[in-house]
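Written below as structure tokens is the structure these notes are about.
All figures in this text were calculated on a predicted structure; none of them were measured in a lab.
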Amino acid sequence: MEAKQLAVTGSSTPQSPVYRALLRAGPSHRALQQVHGHIVVSGSHRSRALLTKLITLACEAGSIFYTRRLFLSVPNPDSFLFNSLIKASSKFGFPQHTVFFYHRMLGFRIAPSSYTFTSVIKSCADISALRLGRCVHSHVLVCGYGSDSFVQAALVTLYSKSGDLGAARTLFDKMPERSVVAWNSMISGYEQNGFSREAIEVFNQMRDFGVEPDSTTFVGVLAACSQLGALGLGCSVHHDVINNGLHVNVALGTSLIIMYARCGNVSKAREVFDSMNERNVRAWTAMISGYATNGYGSQAVELFCQMRAHGPVPNTVTFVAVLAACAHAGLVHEGREAYANMRQEYGLVPGVEHHVCMVDMLGRAGLLTEAYQLIKELAPEEAAPAVWTAMLGACKMHKNFDLGVIVAEHLLEVEPENPGHYVMLSNIYALAGRMDRVEMVRNMMMGRSLRKQVGYSTIDVNQKTYLFSMGDKSHPETNEVYRYLDELMSQCREAGYAPVHESVMHEVEEEEREYALRYHSEKLAIAFGLLKTKDGMAIRIVKNIRMCEDCHEAIKFMSVVTKREIIVRDKLRFHHFKDGSCSCMDYW
DNA sequence: TTAGGGTTAG
């Protein structure tokens, strides 16, 4: 009936039946193909308005190759069609195709507009195409759009997403007018490149300039707080969100969950989660992951069960969080079940990260043979170094010398430039008393000019961050900190602490070992925190690499002697020390 | 004859 009507009228004005049929079809591939048929039958395929609408809807439907076929069938594409296509392909996630259409546009000698450039630059940013982006930037200047504020904001994003923060900042500083989006771009740019302090600095400048932050601003700033583990600052940002009367949308709510979880305050993260009126798969995953990294394995699994019952459908990221929770809490049964469900119930294919969790989980639980079997059953391309590294950690933990050596040698073969593998192998040899081998590994490492990653710890006191590294004496109150730490360590020894020597890196000479152990960065940061904060206050430390066994042991005693809760976030997870024990139950 | 942009969370 409808086809007949379309064929009869044949008109192509926006009010025409065929145009309305197109709008009704919406971004659906099948429906669009049907209307396309009507358009051809009715003879209205020469109407540019209709074709342009059809093409952009096809792009929105995700049918990029259909879009391209339709585009190529248009004899003389005009600037309207190019701009529509460039905008749609950029917006709906086809950055490479945006670039293709842009080149075609130039080939047809059609002048781009500022709107063309914003979309093209966004696509370059999406694929971090710095060289191409620079060419487009030159073209922007040639065409006279260099001072368009939208184009400038897009360029700031391009440079920061491609890692050229210097160029981003130069451009940003030169902008005569900076919209809230431009500020947000600069803040997120710093944060995403790991420059959290700079992100917060820009946020403060923004306020000095009197620019009103929006929810996107806070998402970026909260991510910076999460990276730093800066709970005090994060809380004050949360207050700002409330005071500004901003609606906590799902992205902002998720950022708050992550911030609280990554600063070690899981109950506050849960409070935010419970208060959200919209919760998507990312929000649920963030909360499960928060439980996982803080060592609350059973809570993570419980929340996952609730999600399965009446939440959104979990995806592969959700399963990484669940399996990590099981690995850290020794929930082998639950972990096996989740791993099986992933495929059977949800049709998801486990990837490297899931295998790492499984090997980690089985390995920690002492099921070394099963863990090793799992690796051997993987296809060669799936057995990534990370999976073997998890296996190596398990071998060291359970002191399985023979298997450990096999695994470490494999790792040295595939990743000879990774200093971590040499350190692990040498630790395993040291455990087995093979000091000749320890020496050999040390020489191999030195021969390749590899060095162990330098560890450092940070602590926030009164919203100011202090950084400590091993043996560091640059701090103005160094003497006081060292003196206090010495005193603290002797109290710990009286309480029963004995240094765990095996974790001292092999390159350190014998007489330096005790010194190196005593002045590891986390111990210095804790001593500083204890000196600078009131009795009873929890101490929160962030460390860039994993904590060593000796520090782990020492901090347990520190928590008893000082009657303080000490929370350390290391590269992998959280350790909440209280009354002489750790939330990880020494299972790490 | 047809509109319109750049920033955000697992």
Side-chain angles (χ1 to χ4, degrees), chain A residues 11-16 19 22-23 44 46-56 78-81 83-84 86-88 90-91 113-126 145 148-158 160-161 168 171-172 175 178-189 191-192 199 206 213-224 226 246 248-259 261-262 269 272-273 276 278-290 292-293 307 312 314-322 324 353:
Chain A
S11 153
S12 63
T13 60
Q15 289 75 35
S16 71
Y19 195 92
L22 202 50
L23 293 181
S44 48
R46 284 190 194 83
S47 159
R48 279 181 185 278
L50 269 183
L51 282 178
T52 303
K53 191 73 198 166
L54 174 65
I55 291 172
T56 52
D78 59 357
S79 92
F80 187 81
L81 176 57
N83 281 331
S84 301
I86 284 170
K87 190 182 96 184
S90 171
K91 185 174 171 190
S113 70
S114 64
Y115 290 95
T116 322
F117 283 121
T118 50
S119 291
V120 174
I121 295 164
K122 174 185 152 49
S123 289
C124 292
D126 286 346
Y145 293 112
D148 182 285
S149 67
F150 285 87
V151 174
Q152 286 177 331
L155 285 167
V156 169
T157 309
L158 164 74
S160 59
K161 282 208 170 157
L171 207 81
F172 178 77
M175 285 175 76
R178 282 173 287 220
S179 63
V180 61
V181 177
W183 284 98
N184 293 348
S185 265
M186 201 62 241
I187 291 169
S188 304
E191 182 273 313
Q192 285 164 354
M206 175 183 181
D214 64 8
S215 55
T216 307
T217 318
F218 287 113
V219 169
V221 177
L222 285 165
S226 307
L246 280 175
V248 178
N249 60 25
V250 65
L252 184 51
T254 307
S255 302
L256 283 165
I257 293 173
I258 298 160
M259 184 276 290
R262 297 211 64 205
V272 174
F273 178 78
M276 288 165 71
E278 187 201 341
R279 280 175 292 211
N280 59 14
V281 60
R282 285 184 174 208
W284 282 84
T285 304
M287 193 61 238
I288 292 171
S289 172
T293 50
M307 183 182 184
N315 61 21
T316 52
V317 187
T318 318
F319 277 98
V320 173
V322 175
E353 287 177 286

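If you take CD of E278(A) and C1' of dA9(B), they are 12 Å apart, rounded to a whole angstrom. The nearest whole Å value for the distance from the CG atom in N83(A) to the C1' atom in dG5(B) is 11 Å. To the nearest angstrom, P of dT2(B) lies 18 Å from CG of L54(A).
Among the atoms of the strands shown, none is found under 4.0 Å from any heavy atom of N249(A). S119(A) comes within 4.0 angstrom of no nucleic acid atom, judged by non-hydrogen atoms across all strands. S84(A) comes within 4.0 angstrom of no nucleic acid atom, judged by non-hydrogen atoms across all strands. No contact: V180(A) has no heavy atom under 4.0 Å from any strand. Contact annotation for V156(A): no contact, since no heavy-atom pair falls under 4.0 Å across all strands. Residue-level contact check: Q192(A) touches the backbone only, with heavy atoms under 4.0 Å from sugar-phosphate atoms and none from bases. At a threshold of 4.0 angstrom between heavy atoms, the contacts of S90(A) with the nucleic acid are absent.
Of the listed nucleotides (dT7(B), dG10(B), dA9(B)), dA9(B) has the atom at the smallest distance from the side chain of N280(A). Among dA3(B), dT8(B), dG6(B), the nucleotide with an atom closest to any side-chain atom of A154(A) is dG6(B).
In this structure, a donor-acceptor pair under 3.5 Å is absent between the side chains of T52(A) and S84(A). For the 3.5 Å distance criterion, the side chains of S90(A) and S123(A) qualify, holding a donor opposite an acceptor.
The side chain of K122(A) places no N or O atom within less than 4.0 Å of a non-bridging phosphate oxygen (OP1 or OP2) of dG4(B).
The aromatic ring of F150(A) is stacked on the base of dG5(B), with the two ring centres less than 5.5 Å apart and the planes inclined by under 30°.
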